[in-house]
Amino acid sequence: MSDAAAAPRRPELGARPHAIGSALLSAAGLIAFVLILLETGSFSPEAQPFPRLIAVVGMLGAAIAFGQSCRAALAAGREDRPAGHGAAVPSGAPSWRDVVVSYAGPPIYGATLLLLGFWLASVIFLVGLLWVLGERRPLVMALIAGGTLGAIYLVFEAGFGIHLPGSLLMQALAK
Amino acid sequence: MLENLAIGLWTVLAWKPLSIMFLATLAGLFVGVVPGLGPITAMALLIPFTFSMDPLSALLALASISVAANCSGSFTSILLNVPGETSAAATCYDGHPMARQGRATVAIGLSIGASFFAAVFGVVLVMAIAEPLIDVALAFGPPEYFALAAIGIAFVASLSQKSISKGLMMAALGLWLSCIGVDAVVGEMRFTFGLLDLQDGIGLVPVMTGIFAITEIMLWIQERGTISQIGRLEGSVWQGIFDTFRYPVALIRSTLVGAWIGIVPGVGATAASFLAYEVEKRASKQPERFGTGAPEGVIAPEAANNSAISASLAPALMLGIPGGATTALLLVALTVHGIRPGTLLFSTQPGLVYGFLVGLLFGAAMFLLVSVLCARLLAMVTLVRAELLAPIFLVISFAGVFAQDQKFSDIVVAVLFGLLGCAAQMFGFPTVPLVLGLVLGKMLETSFYQSLAISGGDWTVFFTRPLSAILIATALLIIFLPMLKRAVAAGRLRFPPRSENAG
């Protein structure tokens, strides 16, 4: 097989949404670095130079990126106009449901972890996410949940003696 | 040197050190593939068990677990696009595209071959020319350290060829993250927003897990299917190992880059791997192959990070200056056993020092053997559907993040950086400069203030010392030359040459 064989590409946004998103993220970066620069004013003079240098470099990078993204968005808009409304949806774009699940999954798991503790939250999350992603075989779900948590127990708790988070809810109830 | 080699062989060729190294290698291999756990955690947890061992066995156990965990950290870079260690992040660029093409085992073979060659080369280098190497390392003062870290960040920012400005912004973000917590100069709190958990700073493990592992898992959920896009594995581990030696120039050049970075204390294997990758890309006649699964793109970072780790033993053993966290833990183990590192160590304890160095060669060979046996099994993960992999790896990643410092806030940090990483990837912002900024931030800041202190606050100190000036100029060229080239090219497009118009 040739070395130059291209890797399969991941689903990508259209040119215009990509450029607009890029401009928004650059703008957020620019604002963040301006705030960082302002915050350094509250430091003692000896502690100011390095964070200020970083803030200036960050502002420079973000400002150039913002300019480039705005230009790309305008160029993409001009290219889209003759073809009709908006850019074509690229092939292989993920479904909205999967996008929502991918963004909501980690924060929900983190919050459940805090409330229910690692072990209970992980059982619920593993089985729940497998089900949401289309797995319907109970035996497979049980094997994956049991195998994953068993391996984690062996490595972390039994092997290294690291205790994983307990449940805040249980602690509150116990009081 | 041959006499030293004989002393080392005589000391290490016994069942006890060899069996300890084998067990440590096996443990390191599995620790390395768990996101969040790495050589530092493994060594830190192993240190108490080494108290009852003799000094040589203790050093060999720690070094073997570190080498194996470090090398296997690259396996997750290749298979899952999730580096087990920061030093393995550069391997993602070409290792993971190979896995997506179904060539995961070949990529692992390349990684094993390059790691083995570089580890052996690094150890031999330490045994042969440790003292002249130390002289080179001592030529580096704070301005040169600052310039070297700046060049590392510039290289990585420039890897995002489409928009260097985005790379620069992300690198600055990483550097800012490294500033959070107690200030290095006056000890005041910076950017903590009154949160107690931020006083210790932002940990590397939660940021890395968030930006690499959680982002990747989120993308798996969106993509579905298997990592190997052809649904099967092509090639073998041995093919990869043999292929490593089909690129001798890339292998030797990257090993030398790694060794050079390794002997300079504090810079570390991560910067070495990115530097070597960039050097290979720029030296290649077909740089466009990089990022699409080019074998040199796996060989370069793997050779560099392993030779850097081996070479960093020279300043650690001879001067007592650790090159990174892993060598610092080795020095802790030495001190616990009542041994003081220094130039006299090589003459007063030759059995221990050369036994340890020869033991590392055996350790590298053991890792090669164990990983060849496990590689195909590990590569099978690229054939499992993403719907099954995503929940499993999310749970393992969260456990790894919490295990580091047992702080719930680390999980929050990992989730936030997972979301940021996903947005960054969607809109073309490179995430590696952010991680490297966080890794090199403390060193950059310390050397920056030290440079100003020795020059009495004169900022020109970075440009008046020849080595520092050359390095700073190189860093600026790396950032601004492509921008300038692009601007010139854009100008040419707008104003075609007169001869064409005339025709």
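Throughout, protein chains are lettered first and strands after them, A, B, ... in sequence-line order, and every chain is numbered starting at 1.
- Contact annotation for A/Glu46: both backbone and side-chain heavy atoms come within less than 4.5 Å of a heavy atom of chain B.
- Proximity of A/Leu113 to B/Phe408: side-chain heavy atoms (C-beta onward) are separated by under 4.5 Å at one or more points.
- Contact annotation: the side chain of B/Phe429 approaches that of A/Ser26 to within less than 4.5 Å [non-hydrogen atoms, C-beta and beyond].
- In this structure, the portion of B/Gln406 lying under 4.5 Å from any heavy atom of chain A is its side chain and not its backbone.
- When all heavy atoms are compared, the tightest approach of A/Leu164 to B/Ala399 is CD2-O, 3.8 Å.
- Most heavy-atom pairs under 4.5 Å with chain A, from the set B/Val415, B/Ile214, B/Ile411, B/Val106: that is B/Val415.
- Taking 4.5 Å as the limit, every side-chain heavy atom of A/Phe66 sits out of range of all side-chain heavy atoms of B/Met169.
- For CH2 of B/Trp459, the number of neighbouring non-hydrogen atoms (other residues, nucleotides, ligands) closer than 6.0 Å is greater than 12.
- Other residues, nucleotides and ligands place more than 12 heavy atoms under 6.0 Å from the CZ atom of A/Arg136.
- Taking CZ from B/Phe427 and CD1 from A/Ile20, the interatomic distance works out to 9.5 Å, rounded to the nearest 0.5 Å.
- Distance alone, capped at 3.5 Å, places no donor-acceptor pair between the B/Arg190 side chain and the A/Thr40 backbone.
- Two residues are said to be in side-chain contact when any heavy atoms from C-beta on lie closer than 4.5 Å; A/Leu130 and B/Glu387 fail this criterion.
- The backbone N or O of B/Met218 lies less than 3.5 Å from no partner atom in the side chain of A/Tyr103, so there is not a single donor-acceptor pair.
- Considering only heavy atoms from C-beta on, A/Ser69 comes within 4.5 Å of B/Lys166 through its side chain.
- Proximity to chain A involves both the backbone and the side chain of B/Cys422, based on heavy atoms less than 4.5 angstrom apart.
- Using a 30° and 60° split on the angle between ring planes, A/Phe43 and B/Phe191 fall in the perpendicular class, above 60°.
- Taking the centre of each ring, A/Phe125 and B/Phe398 stay at or above the 6.0 Å mark.
- Most heavy-atom pairs under 4.5 Å with chain A: of the set B/Asp183, B/Ile392, B/Asp94, this distinction falls to B/Ile392.
- For chain A, the option among B/Ile217, B/Leu444, B/Leu452, B/Val412 with the highest count of heavy-atom pairs below 4.5 Å is B/Leu444.
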